Colleague: 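Provided herewith is a single structure, encoded as structure tokens, for subsequent inquiry.
These figures come from a predicted structure and were not determined experimentally. Lettering of chains follows the sequences in order, A, B, ..., and the numbering in each one begins at 1. Side-chain atoms are counted along with the backbone in the values below, which use heavy atoms only and exclude waters and symmetry mates.
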There are 2 protein chains.
Amino acid sequence: MLQTTNEMMEGEGPTARQKDVLDAVLRLLVEEGDRLTMTAVARRASCSKETLYKWFGDRDGLLTATVQWQASKVRVPPVDRQGLDLASLAASLERFASDWLRVISSDTSIALNRVAVVHAGSDKRDLGAIVLERGRFALGRRLKPVLEAGSEAGLLEFDDAETAFRTFFGLVARDVQIRLLLGDRLELTDAEIDGDAARATQQFLALHGAKTGPAAP
Amino acid sequence: MLQTTNEMMEGEGPTARQKDVLDAVLRLLVEEGDRLTMTAVARRASCSKETLYKWFGDRDGLLTATVQWQASKVRVPPVDRQGLDLASLAASLERFASDWLRVISSDTSIALNRVAVVHAGSDKRDLGAIVLERGRFALGRRLKPVLEAGSEAGLLEFDDAETAFRTFFGLVARDVQIRLLLGDRLELTDAEIDGDAARATQQFLALHGAKTGPAAP
DNA sequence: GCCGAACCGTAACGTACGGTACGGCCCTTT
DNA sequence: AAAGGGCCGTACCGTACGTTACGGTTCGGC
């Protein structure tokens with residue numbers, strides 16, 4: 001085992017130049033999928049392969065750094081806790097839903113999920129774990145406080161926030177992600193995404209909204 | 001371009017011996033993921049590589065034949081149309097849900113979906129298309145008549161059967177498939193699957209069940 | 001009992017690609 | 001201005017694997 005320098009491991013974030021390289025990897029990943037080669041990365045990023053190996057250790061290290069770099073860019077916006085009426089709660093949920101749909105239907109996300117799925121099929125489960133942690137689970141951590149605030153405010157009713165979140169997740173994502181990963185061209189427009197987000201939110205509220213007594217017609 | 005014999009293309013189904021080979025590929029795919037090599041297949045199936053290439057053309061042909069072979073084995077049972085009361089409808093839906101969860105959480109399905117996702121990332125979209133066609137879309141084709149029968153019987157209410165199906169799909173699958181593909185070990189027990197199927201069915205009925213008037217306590 | 005076809009096992013070929021080595025350029029430091 | 005480190009470009013190495021080729025074996029048909 002050679003004593004490689006391998007900066008980037010356990011260090012503070014990537015330098016500006018390294019970020020450029022990682023962005024190049026992202027672009028190549030979208031274009032080439034897992035056929036991406038180190039040579040192609042070096043050419044696209046205008047750097048030498050030697051530098052790639054010095055910075056990232058090996059191909060997996062480069063991929064891992066890329067996934068983390070992208071994950072660090074996707075930042076789910078925090079929710080303002082003030083408005084606790086039904087309208088603002090619904091608005092928050094709808095916002096989450098449309099943001100999430102936009103993320104999972106982006107070319108970058110699809111490409112990244114693909115490589116993570118590939119690696120999960122090998123021994124290394126790292127990439128899949130990172131993608132899950134910064135994607136699905138990060139979303140859950142963000143959304144749960146919102147759900148619980150809604151519950152405490154008497155707007156929502158559920159036994160378990162985790163289960164409620166998974167229901168919401170299912171209503172939002174449905175078959176979109178698996179279809180995209182399997183190559184189905186879904187071409188979601190902004191309008192469709194917003195419509196789906198609204199539908200999912202209404203369905204979720206129908207399932208978990210507090211009963212306010214029957215509204216007579 | 002050599003004139004290979006390439007049986008299996010556009011022919012009637014595989015012979016018994018070929019089925020044995022394809023089953024060996026399935027087992028290897030579960031064990032090795034996409035690291036599966038032609039040499040390993042030949043060894044495991046006790047056949048020569050020459051035969052593999054003669055029968056299946058090339059590596060992709062072998063994988064395609066394998067996906068189709070597995071797809072031909074997963075046969076969604078038809079639904080008995082007779083019982084049109086709410087209980088039997090719910091039972092049908094629940095049956096679909098648990099069957100589907102069992103399929104997507106099986107090792108074979110995960111492995112197959114992984115290779116299909118990989119290939120969808122390349123140019124070839126064949127495998128992904130096959131998996132979608134025989135999986136997600138086949139399920140939709142089976143379930144829609146059930147939903148429409150429920151609608152005609154006044155048990156369900158929805159505008160569009162496709163949209164209703166996707167809602168059901170989302171309620172059943174939630175985040176299970178993507179988590180499994182990304183390497184999350186979910187280890188669903190039969191009891192959990194049945195419970196999830198029942199929950200999804202109840203939620204779907206709550207959203208799309210016909211209003212029978214408020215049941216006074 | 002012989003013939004040919006199908007098939008097994010394995011060796012060999014070609015290539016693509018991960019990883020390494022090296023010469024030259026630029027830029028900072030003194 | 002000289003020195004040295006960091007990095008680019010590229011040539012190179014080793015290997016894994018898809019694909020092909022070939023000798024030996026089994027088996028059904030006559």
Side-chain angles (χ1 to χ4, degrees), chain A residues 1-9 11-12 14-25 28-29 31-66 115 118-119 121-124 126-127, chain B residues 1-9 11-12 14-25 28-29 31-66 115 118-119 121-124 126-127:
Chain A
M1 181 68 71
L2 282 151
Q3 169 68 13
T4 59
T5 310
N6 204 355
E7 323 176 9
M8 287 290 308
M9 300 301 255
E12 54 296 321
T15 67
R17 179 76 180 107
Q18 288 169 339
K19 289 177 184 175
D20 290 342
V21 172
L22 295 178
D23 280 327
V25 177
L28 268 177
L29 227 37
E31 296 170 19
E32 307 267 337
D34 66 321
R35 286 171 304 182
L36 160 135
T37 68
M38 299 298 279
T39 303
V41 170
R43 189 170 25 198
R44 175 69 69 99
S46 294
C47 72
S48 70
K49 288 211 281 179
E50 188 180 35
T51 303
L52 291 182
Y53 285 101
K54 182 176 179 189
W55 283 349
F56 305 105
D58 57 6
R59 189 175 188 272
D60 279 340
L62 177 62
L63 254 31
T64 303
T66 303
V115 302
V118 176
H119 273 64
S122 311
D123 292 334
K124 319 178 221 290
D126 307 0
L127 296 191
Chain B
M1 179 69 72
L2 282 151
Q3 169 67 15
T4 59
T5 309
N6 204 354
E7 324 177 7
M8 285 291 307
M9 299 303 252
E12 55 295 324
T15 67
R17 178 75 179 106
Q18 288 169 340
K19 289 177 186 176
D20 290 342
V21 172
L22 295 179
D23 280 327
V25 176
L28 268 177
L29 227 38
E31 296 170 19
E32 308 269 336
D34 67 322
R35 285 172 304 182
L36 160 134
T37 67
M38 299 298 279
T39 302
V41 170
R43 189 170 28 204
R44 175 69 68 99
S46 294
C47 73
S48 70
K49 289 211 266 180
E50 188 180 35
T51 302
L52 290 183
Y53 284 100
K54 181 177 177 189
W55 283 348
F56 306 105
D58 57 7
R59 189 174 187 272
D60 279 340
L62 178 61
L63 289 177
T64 303
T66 304
V115 303
V118 176
H119 272 64
S122 311
D123 293 333
K124 320 176 221 289
D126 307 0
L127 297 191

Colleague: I'd like to know if A/Glu50 reaches the base of C/dC22 with its side chain such that a donor and an acceptor end up less than 3.5 angstrom apart.
Modeller: yes

Colleague: Mark up nucleotides 11-17 of chain D, 5' to 3', with B wherever a protein heavy atom is under 4.0 angstrom from a base atom, S wherever such an atom reaches only the sugar-phosphate, and - elsewhere.
Modeller: ------S

Colleague: In whole Å, what is the span from the CZ atom of A/Arg44 to the P atom of D/dG9?
Modeller: 14 Å

Colleague: How close or far is atom P of C/dG18 from atom CG of A/Asp34, stated in whole angstroms?
Modeller: 11 Å

Colleague: Is A/Leu28 close to A/Glu31 at the side-chain level, that is, under 4.5 Å between some pair of heavy atoms?
Modeller: yes

Colleague: From B/Leu22 CG over to B/Trp55 CH2, what is the distance, rounded to the nearest 0.5 angstrom?
Modeller: 9.0 Å

Colleague: Taking 4.0 Å as the cut-off, does a side-chain nitrogen or oxygen of B/Trp55 come that near to OP1 or OP2 on C/dA6?
Modeller: no

Colleague: Rounded to whole Å, how long is the line connecting atom CG of A/Leu63 with atom C1' of C/dG18?
Modeller: 13 Å

Colleague: Calculate, to the nearest 0.5 Å, the distance between atoms CG and NE2 belonging to B/Asp34 and A/His119 respectively.
Modeller: 9.0 Å

Colleague: Could you give the CG-to-C1' distance, from A/Leu52 to C/dG19, as a whole number of Å?
Modeller: 11 Å

Colleague: Can you tell me how far apart OG (A/Ser48) and NZ (A/Lys54) are? Round to the nearest 0.5 Å.
Modeller: 9.5 Å

Colleague: As an exercise, state the distance from OG1 of A/Thr66 to NZ of A/Lys19, rounded to the nearest 0.5 Å.
Modeller: 14.0 Å

Colleague: Round to the nearest Å and state the distance from B/Lys54 atom NZ to C/dC8 atom C1'.
Modeller: 13 Å

Colleague: Can you tell me how far apart CZ (B/Arg44) and OG1 (B/Thr37) are? Round to the nearest 0.5 Å.
Modeller: 11.0 Å

Colleague: Between A/Ser48 and D/dC7, is there a side-chain N or O to OP1/OP2 distance below 4.0 Å?
Modeller: no

Colleague: Could you state the atom-to-atom distance from CD of B/Gln18 to P of C/dA6 in whole Å?
Modeller: 13 Å

Colleague: Send over the distance from A/Phe56 CZ to C/dG19 P, rounded to a whole Å.
Modeller: 14 Å

